[in-house]
Amino acid sequence: MGMDNDNLQQQLIKELLIEGFDGLERFDQQLVALEEGTADDSTLNTIFRVIHTIKGTAGCIGLQKIASVAHVGENLLSLLRDGDLSTSEALIDVLLEYSDALKEMLRTLESTGEQGEKDYTPLLDRLHHLQEPGAAPSSGTNEHAPAAKDQPQPAAETDEASWGIFADEGDAPGAKPQPADQKSADGEAWGIFAEEGSQPTQAPAVKATAKHSHSSNSAAGGEPKQPAAATGHGSVAETAIRVDVGQLDRLMNLVGELVLARNQIVQVTSNARSMDATLGQASQRLNIITTELQEAVMKTRMQPIENVWGKFPRIVRDVAHDLGKQVNLVMEGKSTELDRTIIEAIRDPLTHIIRNAIDHGIETPEVRRKAGKSETGTLILRAFHEGGLVIIEIMDDGGGINVARVKQKAVEKALITAEAAARMADRDAFDLIFLPGFSTAEKITNVSGRGVGMDVVKSNVERIGGSVDISSELGNGTTLRIKIPLTLAIIPALVVTAGGERFAIPQVSLLELVRLEGDNARRGIESLYGSPVYRLRGKLLPVAYLHRDLGLEPPAGADPDVVNIVVVQADGRQFGLVVDEVNDTEEIVVKPLSKQLRGVPCYAGATIMGDGRVALILDVLGFAHHTRIISETLDHTTAVDKETTRDAGARQTLLLFRDGEGDRMAIPLSLVARLEEFPRERIERCADHQVVQYRERIMPLVRLSELLPGWPASAHAAEQDPLRVVVHADGERCVGLVVDQIEDIVEECFTVQEEDARPGVLGSAVIHKHVTTLLDLNALFGHKAASSGATS
Amino acid sequence: MSDTTQYCTFWVGGLFLGIDVLKVQEVLRPQPTTRVPLSAPTIRGLLNLRGQIVTAIDLRRKLALPERGNAEPPMNVIIRTDEGPVSLDVDEIGDVVELHADDRERPPDTVRDERRELVTHVYKLADKLMLVLDTDKAVSN
């Protein structure tokens, strides 16, 4: 029995903690809204209800100290709610402090199970003081404060009783007395009115009666919820339940395992030649259901970004207050959803960015006035989904980043040389603020400017596979743009083999795969003062041998004629990883490493592969730091990178190839799914088309001469073996374009001359000093795919 | 008989060791293990325990005993820790024995440091000594 009671008590405490922390966060938000004047009718009710609930629950489980502290605030809030007290900055300050005190008590309760020894009398005295006449001029209900003082220990039962009274007497939702009425009337008289119930001023009368019965009950705090609000909440409560986060994590783990088991089953059934048809169907169904289940469970873990943003109004208010600035916080896209692990991970970086924006970005009211801006600065938080990622923008209309000062600081702190600073473009200079040890704050405040900051923000965001961009205009403000993945639990990854072990490389850090064969394999990787480099489209790419840097022995019997380079990106810089084998891309379930392995820098976790064995997930950034491949090449690559991205708007990545009578042609790389080679014997014919079996489908093969009227047939078409094929995927359907020779992939800025444009040809341009025909692949294949779709 | 404890026993490099049976989750036959490059030498790798990834600790190395070499692959004693299960790799599994606190002593000072640190008590059995392994220390770095 005793055990059961203990459990019940634990359960109640847990509920108090959950409700309390949630509620107090709302409390803070609403208070700030109140102060800003953006509050609506429900604001005061919300505030009141939060405290009322804490008081009630705490009283119910015998936590008298918490209950009595809650009680004092509740009295004040009831005056505020009834309009007997008007808001002032001082009042809001005390109430925020009061909220902190309650949070502190709840935290103590959470960690120790006790209510704590701390004495809150000074705070409570101030709360009392504010309730007294004179402290708040509009207060007309003297009897409340003494009553509250006499009865600091509320009893939950009495509360319930007073609720009952109210429910009987006053079910008018809008029953709010006008302070003026209240002043002119005496409680008794109103009570009589209420009983008669025929006066036009019935609503205030009812309210006053309720108040009256409260004071005679000596349960001054027991104000009920507003009926309208209560019903509103009831409907939410009916369709939503609280679930322990641990429970969701377990569910996610189980789904992860199911995904693995599914992968295995699907692998086995698709390999089995003489497979039972029912088994095949069952496996296919399992496949579909698992995918759907995975999506559904992922959804349960999604939370609106509001959960992080919720505390920002308070932070913005406090920080702005401390610094004597005026800031208006605007939040857009609060309901944008993210996986809860990501929500947790971005909490601190975002908080830091916001503090920074107010501290360094937004100017003081005087400065703003002088600059001809409104005295109140605006800070905009915006979140939205874009291409499978979540974008969070933090924009301020402050002073912007002073490039000259940033450079000067960076030189002073010996982060870059004066010469490099002079050469550096503005955009690159912005990135300097992400360097460790950088801080431009003129003086160190307690808000920011201690030199730990943006570099930590950047690395925290990158740790979860995200990126941070900054743009700024001097005098007009700064925008930070954070891109993060939707979820971390299941991610697409490339599986590679090195030194006999498999490693998963998250797709987000992947740029491209390069395969060198024959002579290229033996000579492609050159040595630059002992560091291996590869010329990727004319630029030097630092290269690391994965097995060597992980201390693994080289694979036995490796083919010296083949080198696989996985080009990855970390910290905005590219490098190549030489691996023994590139296996496949797979959806992997990320599992954390145990504490014994947390000191090892190169792994982001581990995962279980289709065969049941464990593979490590490579942390590309960690590996880069470990091998120092990034820092060694920092200056060089940043310069190169920036040069290529500066006018990215006009640039396009193109696949170059030759066909026909040696003509050079280009198509946007984004339209190319893969480049493949098929030996001639794999080519089959199907209803007048050349086709090839490709990834368990039939893919039609076409030549340009078939697509473009008047295009010369390739001179080498007959003897070409293997066939070089550009695979274009359109949804489920693939079409292969057979070409003579794949030349290169280039990123180019060019102007199209449209003189020779016709259906299928966009025009021509000079690319890498050669005239190149730009093909309109959509037009070419749109027609072709449609006509051959029927045959395959 | 409240002073007795049940121990799960095993051999590692000629030593006879025991762990409080309540700390042991299960014992597994040799499992395929994935090496973790760059990790501490006492970590043998990662194994898949029904979808959970478990770190395997090489007790021979932890106890500064000679290498296992290419002999029999190790058995895995999976113990419960605050941070989930951890595998201790051992040579051979013994019986579960029930021992009385009167029969135990602190390890003598002459025992080498790295071993004494991991051993809380020594039980004097009729034919041999059984060392009680401190599992918290065994799984810490």
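All chains are named by letter (A, B, ...) in the order of the sequence lines, taking the proteins before the strands, and each is independently numbered beginning at 1.
- With hydrogens and angles disregarded, a donor-acceptor distance shorter than 3.5 Å links the side chain of D580(A) to the backbone of G499(A).
- Listed for the S509(A) side chain is no donor-acceptor partner under 3.5 Å among the backbone atoms of I505(A).
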Could you go through V495(A) and T585(A), starting from their C-alpha distance and side-chain angles, then the distance that decides it, and tell me whether this counts as side chain to side chain contact (heavy atoms under 4.5 Å, CB included)?
CA-CA 6 Å; V495(A) 181; T585(A) 55; over 6 Å; no

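- With chain B as partner, the option from D549(A), V600(A), L593(A), L550(A) having the largest number of non-hydrogen pairs under 4.5 angstrom is L550(A).
- Inter-residue side-chain proximity for I608(A) and R613(A) is flagged as unmet; no heavy-atom pair is nearer than 4.5 Å.
- Listed options T42(B), I53(B), I43(B) were ranked by heavy-atom pairs under 4.5 angstrom with chain A; first place goes to I53(B).
- By number of non-hydrogen pairs under 4.5 angstrom with chain B, the leading residue of L597(A), L254(A), T607(A) is L597(A).
- For the set V54(B), T55(B), V36(B), L38(B), the entry with the most heavy-atom pairs within less than 4.5 Å of chain A is L38(B).
- Counting only heavy atoms from C-beta outward, the side chains of E92(B) and M75(B) never approach each other to under 4.5 Å.
- The candidate from G551(A), A606(A), G500(A) with the greatest count of non-hydrogen atom pairs under 4.5 Å with chain B is A606(A).
- Proximity to chain A (any heavy atom under 4.5 Å) is restricted, for T33(B), to the backbone atoms N, CA, C and O.
- Close approach to chain A, defined as a heavy atom under 4.5 Å from one of its heavy atoms, is seen in no residue of residues 128-137 of chain B.
- With chain A as partner, the option from V86(B), I57(B), T34(B) having the largest number of non-hydrogen pairs under 4.5 angstrom is T34(B).
- Both the backbone and the side chain of L46(B) come within contact range of chain A, judged by heavy atoms closer than 4.5 Å.
- Note on ring orientation: taking the six-membered ring where Trp is involved, the planes of W11(B) and F16(B) are tilted (angle from 30° to 60°).
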